[in-house]
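Inspection log for the structure reproduced underneath, given as structure tokens.
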Amino acid sequence: MTAARALPRRFYLRDPRVAAPELLNKVLFRGSRAGRIVEVEAYAGSEDPASHSFRGQTPRNATMFGPPGRLYVYRSYGMHWCANAVFGEEGFGLAVLVRALVPLHGLELMRADRTACRRDRDLCRGPGRLTQALAITGADDGADLVTGDRSIVIADDGTPPPNEPGVSGRIGVGAAADQPWRWYVAGQVCVSGPRLTPPGSVLR
DNA sequence: ACCGGGATGTTCT
DNA sequence: GAACATCCCGGTG
């Protein structure tokens, strides 16, 4: 068993379309709560009409344009929070949205904050759900994931990313829906979105 | 399992 | 006003 170690700054200093699949199977910690990342989406700044940073910096997306390795949190549909890790060189507005986790630690706290949730597998299944389960809000926007200044960290516990992650277009986006910038652990029941193929099945 | 509608508020045209 | 990187509930099959 390997002790979990926070990802170094250099991990984030890359194109999110390259780094995002490597985020799979890393562990997102928030205080005593934690979950394994099993679904992510990359957002590619000025090249990407679906990105919040596509039209340049605003008060909302300022964190995206800051240093890599910080947490960008925004409000979605007026009532949910969604959490991203900032990637690439400062000033480019690149990020990876964390869309789903397998709950690992602090399940009692997660259940308490997700009273509408019936099954544990749905605790962190979706970007709005996982922030609720980990108690991440807009107050956490700008947190440093490398130093853990607000007890939010992404760490490597020795579990490698999948050799062949599932790939698809991003969920819930209108523009650039055809870009294959969503990656997930194939067959994992905690992945969000419609059930595609059953675990282990092959395209036919 | 899959669909449709409502909740709710910030951002931008 | 419209669009939105969503979720939950209650229908139907």
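What you see below is based on every heavy atom in this structure, not just the backbone, and it leaves out hydrogens, waters and symmetry mates. A, B, ... follow the sequence lines: proteins, then strands. Residue 1 opens every chain.
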Value in whole Å for how far the [atom2] atom of [N] lies from [atom1] of [X]:
| X | N | atom1 | atom2 | value |
| --- | --- | --- | --- | --- |
| Asp141(A) | dT10(B) | CG | C1' | 14 Å |
| Tyr74(A) | dG9(B) | OH | P | 17 Å |
| Arg55(A) | dA3(C) | CZ | C1' | 11 Å |
| Arg60(A) | dG9(B) | CZ | P | 16 Å |
| Trp81(A) | dC7(C) | CH2 | P | 15 Å |
| His52(A) | dT6(C) | NE2 | P | 9 Å |
| Arg119(A) | dC8(C) | CZ | P | 11 Å |
| Asp122(A) | dC8(C) | CG | P | 8 Å |

Whether over 12 other heavy atoms sit under 6.0 Å from Arg55(A) CZ: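 No.
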5'-most by nearest nucleotide on DNA chain C - Arg118(A) or Ala175(A):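 Mapping each residue to its closest nucleotide by heavy atoms, the 5'-most match is Ala175(A).
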Closest listed nucleotide, where the reference is the side chain of [X] and the choices are [options]:
| X | options | result |
| --- | --- | --- |
| Arg99(A) | dC8(C), dC12(B), dA5(C) | dA5(C) |
| Ala116(A) | dC7(C), dC8(C), dT11(B) | dC8(C) |
| Met79(A) | dT11(B), dT8(B), dT6(C) | dT8(B) |

Path from [X] to [Y] over hydrophobic side-chain contacts below 4.5 Å:
| X | Y | result |
| --- | --- | --- |
| Leu28(A) | Tyr74(A) | no |
| Val153(A) | Tyr12(A) | no |
| Ile136(A) | Leu23(A) | yes |

Base dA7(B) to side chain Tyr77(A), donor-acceptor N/O within 3.5 Å cut-off: no
Touch class at under 4.0 angstrom, heavy-atom based, for Gly78(A) against every strand present: base
Touch class at under 4.0 angstrom, heavy-atom based, for Arg114(A) against every strand present: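 Sugar-phosphate contact only - Arg114(A) comes under 4.0 Å of backbone atoms but never of a base.
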Nucleotide pairing, DNA chain C (Watson-Crick or G-U, distances under 3.5 Å), in dot-bracket with [ ] and |: ||||.|||||||.
Exercise: do Arg99(A) and Ser192(A) side chains pair donor with acceptor under 3.5 Å: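 A donor-acceptor contact under 3.5 Å links the two side chains.
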Thr58(A) side-chain N/O to dT11(B) phosphate OP1/OP2 under 4.0 Å: no
Asp120(A) side chain near Pro103(A) side chain, heavy-atom distance below 4.5 Å: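 Asp120(A) does not reach Pro103(A) side chain to side chain.
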CA sep, side-chain torsions, deciding dist, call: Arg60(A), Asp141(A), side chain to side chain contact (heavy atoms under 4.5 Å, CB included): CA-CA 10 Å; Arg60(A) 173 176 72 156; Asp141(A) 181 47; over 6 Å; no
dA5(C) pyrimidine/purine six-ring stacking with Tyr43(A), under 5.5 Å and 30°: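 Yes; centroid distance and tilt both under limits.
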